[in-house]
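Step one of this worksheet: look at the structure below.
Atoms within a ligand are numbered from 1 in the order they appear, just like the ligands themselves. Fair warning: this is a prediction, and the values are worked out from it, not measured in the lab.
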Amino acid sequence: MTHIPFVVAENAQEIAQTVAAEIAALIRERNAEGRSTVLGLATGNTPILLYRELVRLHREEGLDFSRVITFNLDEYYPMQPDSSQSYHYFMHHHLFDHVNVPASQIHIPDGFLSRDAIADFCAAYEQKIQQAGGLDFQLLGIGENGHIGFNEPGSARDSRTRLVRLDATTRRNAAGDFGGEDLVPREAISMGVATILEARRIVLIATGSKKATIMQKVLHSAASSDIPATFLQLHENATIYVDTAAHASLV
Ligand code: PGA
C-alpha cells in the first residue's frame, strides 16, 4: 500500500487553483526574503490549467516571477526549440510569454544538440539545478505507463538527466501531436528519477479517466522501476492530486 498522501478533487480546475496557490505562496515567501524560488516544471495537457491560473495570479494579483528559476523535466530529441511540437514552444506559449521570469532563469533540456554533446549538456543541467540551490518544488504529470518526466518503465531510482528512449505507449499517445506515430521522436532528454526525488516538494497531478488505471497501480504497488511514479513513495513531501475521473477505480 502507498504512503503517498493523495487528495481527490472535484475537477481539474479545482486542482489547478489549489496547486497554483501553493506555488504562489512559495514564490511570495521567497520574494519577501529576497531569495529565489526554484521550480521544476512539466509539460503535457495536465498542467495547462495550472499555468493559466499562474498567469492570472501574475496579471490580476501581481505575483512576481522575477526571482523564479525554472527547470523543465524534459524535451524530445531531436527537436528544434522553435517547432510547435517542442516543449520549449509549449512552455513559452502557456507560461513564459505571460509572466516575468527572466529568460536567463529559464532552463529546458536542449533537444537540438549534436549527439556527442548530450552527456556534457546533461551533466551541466544537473549542476545548474545544484547551483540554483536545488529544486524547491517539482510539478509532475503521469503517463499512462506510469512515467514521470520521460522516465519510462525500467528507469532506475538513481537515474539522472540523460538521453532516454521513449516507450511505445508514450509515442502512441503523442501521435496526435505529430501527425502520426512514426513522426514522434524516438528519444528525449529527461531529468532522472534521482533528480526529481531531490526536490524538496513534489506534486503529481492526474486528471481524467485515462489515468484511472495507472493511478490505481501507483497507489497500490511497491516502489519499483516497473512504474516510475511509485518512486514518489520514497519521498517525504510528495502529494498526488487526482480528480474524480482519475480516481474512479481507486476504491
Ligand atoms: P498529459 O501527459 O498531461 O498530456 O496526460 C502527462 C505525461 O505524460 O507525463
Next on the checklist: Once side-chain contact (heavy atoms from CB on, under 4.5 Å) is applied, do any residues pair with Q131, and if so which ones, sequence neighbours excluded?
Outcome noted: Q127, K128

Checklist entry - In terms of side-chain geometry, is the basic nitrogen of E198 or R160 positioned less than 4.0 Å from the acidic oxygen of its partner? => result yes

Item to check | salt_bridge(R30, D136) N-O dist < 4.0 Å | outcome: yes

Checklist entry - For ligand 1, what is the set of protein residues having any non-hydrogen atom at a distance below 4.0 Å? => result G44, N45, T46, G141, I142, G143, H147, K211

Checklist entry - Between R35 and E29, does at least one N-O distance fall below 4.0 Å, as a salt bridge requires? => result no

Checklist entry - Listed by chain and number, what are the side-chain contact (heavy atoms from CB on, under 4.5 Å) partners of S66, not counting sequence neighbours? => result D64, N100

Checklist entry - Do any pairs count as a side-chain hydrogen bond (donor to acceptor under 3.5 Å, both in side chains) and have a residue in residues 107-122, sequence neighbours left out, and if so which ones? => result S114-D116, R115-E187

